[in-house]
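Just so we're on the same page: letters track the sequence lines, and every chain starts at 1. All values derive from a computational prediction rather than experimental measurement.
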Number of protein chains: 2
Amino acid sequence: MQDYIKTDKGYAYEYPRAAVTTDSVIFGFDGQELLVLLIKRGGEPYKGCWAFPGGFLNMDETVEECAFRELKEETGLEPDQMEQFGVFSAVDRDPRGRVLTVSFYALIKKEQVSGGDDAADARWFPINALPPLAFDHSDMLREALAALKRDIYHKPIGFMLLDEHFTMPQLQRLYEAILGEQFDRRNFQKKMLASGVVEEQGVERAMGHRPGKLFSFVPENYDQMKEHDSRAKEF
Amino acid sequence: MQDYIKTDKGYAYEYPRAAVTTDSVIFGFDGQELLVLLIKRGGEPYKGCWAFPGGFLNMDETVEECAFRELKEETGLEPDQMEQFGVFSAVDRDPRGRVLTVSFYALIKKEQVSGGDDAADARWFPINALPPLAFDHSDMLREALAALKRDIYHKPIGFMLLDEHFTMPQLQRLYEAILGEQFDRRNFQKKMLASGVVEEQGVERAMGHRPGKLFSFVPENYDQMKEHDSRAKEF
DNA sequence: ACAAAAGTGTTGTAACTACACCCATGT
DNA sequence: ACATGGGTGTAGTTACAACACTTTTGT
């Protein structure tokens, strides 16, 4: 499976090849706003700009493995699930040469962040107060958000941003932050319960907070939601 | 923007690089069944097997441009729109070396096919009677179909498989072929008209067919469908 | 005591599903 | 004449959106 010739100048191929990287748009939630995890670039190009964690594909890994590895190296995070949402391949998107990026997004409980591991600064930013981003990462974020909004109806991803037990208002705030619109409390709760993906848990609540019923996510019922919700109805 | 060193052995890079290709899953419709366009491989590997049209990325084109160019070269087709649906990057998916494929799908009116241009045999196959496929193209097809089923609710792609004017039963057969289920004629028509994306056209019909009202696609109303249908309702 | 957040139920409306008969064409 | 496919409407049911007051907690 060796397709190159090793020369003193490096790995040689018959035709030119683009470099492949992965980038990961990591969403978090602080109870109010949707957050995005960024890394400050230490070197050129775009030195000092903020960018999504990511890096070059190794020859012994898939793009999924690459995204996971790079994220872990740069932030310490190991998300349960990463969703691929697009390939960015404009010929001039990276001044260093022809670089093609496969992009992923993931949702992470904010608490999990080991604040800036070995790598440079890693920080959460509210999605509505982002610094200038490197490369075409602004486009990337836009597409990641679009993918997230699309997927939240079909995949049980939203719950990854919350603790095991959560209150309805918390869940609702999360949905409102992601979808960017407001919902009616009563209707929201009705639909969530009707879909069966959340179930009532104990009625207790730790001190220091307002009270509130606790709910938990029921993965077993997610398949139904999938069908229920993807209009398998009748056309 | 030159990131390689040209040697007598070819284009040399500091680190090994995967080759990047695009493949296109082309769907057609014969009025009854969903069809897939395949190309018979003339060379190794998988000689004699059938595969999706596609090929290697050039350095001066995006993956979208590459998919379009390769499709045109191999089949003469120039679809209006191609949808990217995934990247395939298993390390051993191509015996020739490390090859990463960005996959697209497109819908094409069957009539448009210029039956096997310069390239090898290109043939339509009913989706339920496919020959053995090369590489990981069976997985690819599965994902393409899943993407198509997902997208047909949100994007006006289904109409690309029909003539400008079509009858409701034709449209319904198309949806049934794609989604793999049967619908009630009256309800199907009601929903289609209610969504506003189809409008009644003349009542005439060419001879040699059964009669039937003709409809046409109304792209202007598609945005509404998008919102209407992506549950922008209330949660 | 007051402000802020959380809990709860009902009702009108719109959308969906299920269903049966007639008509036109082609054989 | 018969079989096939196409056209059309209604009624029962369910899902949805809109809406206001009470209770608890924290200040």
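- Side-chain atoms of B/Asn187 lie closest to C/dT17 of the nucleotides D/dG6, C/dT17, D/dC19.
- Distance CD (A/Gln172) to P (C/dA5): 13 Å, rounded to an integer number of Å.
- Side-chain contact, B/Arg69 with B/Thr22: no donor N or O sits under 3.5 Å from an acceptor N or O.
- Partner of A/Phe188 under the side chain to side chain contact (heavy atoms under 4.5 Å, CB included) criterion, chosen from A/Arg185, A/Lys191, A/Arg186, A/Met192: A/Met192.
- Side chain to side chain, A/Ser216 and A/Glu164 fail the donor-acceptor criterion of an N or O pair below 3.5 Å.
- Residue A/Lys191 contributes atom NZ, which lies 6 Å from atom C1' of D/dC16 at whole-angstrom precision.
- Atom-to-atom, CE of A/Met192 to P of D/dA17 comes out at 13 Å; the value is rounded to the nearest Å.
- As rounded to whole Å, 12 Å separates atom P of C/dA18 from atom CZ of B/Phe183.
- B/Phe183 and B/Tyr175 have their aromatic ring centers separated by at least 6.0 angstrom.
- For D/dT24, its base never sits under 3.5 Å from the side chain of A/Lys213 at any donor and acceptor pair.
- Side-chain to base pairing of A/Arg173 with C/dA5: no donor and acceptor N or O lie closer than 3.5 Å to each other.
- Residue order along DNA chain C, read from the 5' end via each residue's closest nucleotide, puts A/Arg186 first among B/Ala194 and A/Arg186.
- Per the geometry, CZ belonging to B/Arg185 stands 14 Å off P belonging to D/dG9, to the nearest Å.
- For the pair A/Phe188 CZ and C/dG7 P, the computed distance is 12 Å after rounding to whole Å.
- A/Gln81 and A/Glu83 form a side-chain donor-acceptor contact under 3.5 Å, judged by distance and modelled atom types alone.
- Regarding contacts with the backbone of D/dT8, a side-chain N or O of B/Gln189 is found under 4.0 angstrom from either OP1 or OP2.
- Taking atom CG of residue A/Leu171 and atom P of nucleotide C/dA6, one finds them 13 Å apart after rounding to whole Å.
- In this structure, A/Asp184 and B/Asp184 both approach DNA chain D, and ranking their closest nucleotides by distance from the 5' end singles out B/Asp184.
- In this structure, the CG atom of B/Leu193 is 16 Å from the C1' atom of C/dC16, given to the nearest Å.
- Between the side chain of B/Lys190 and the base of D/dT10, at least one donor-acceptor pair of N or O atoms lies under 3.5 Å.
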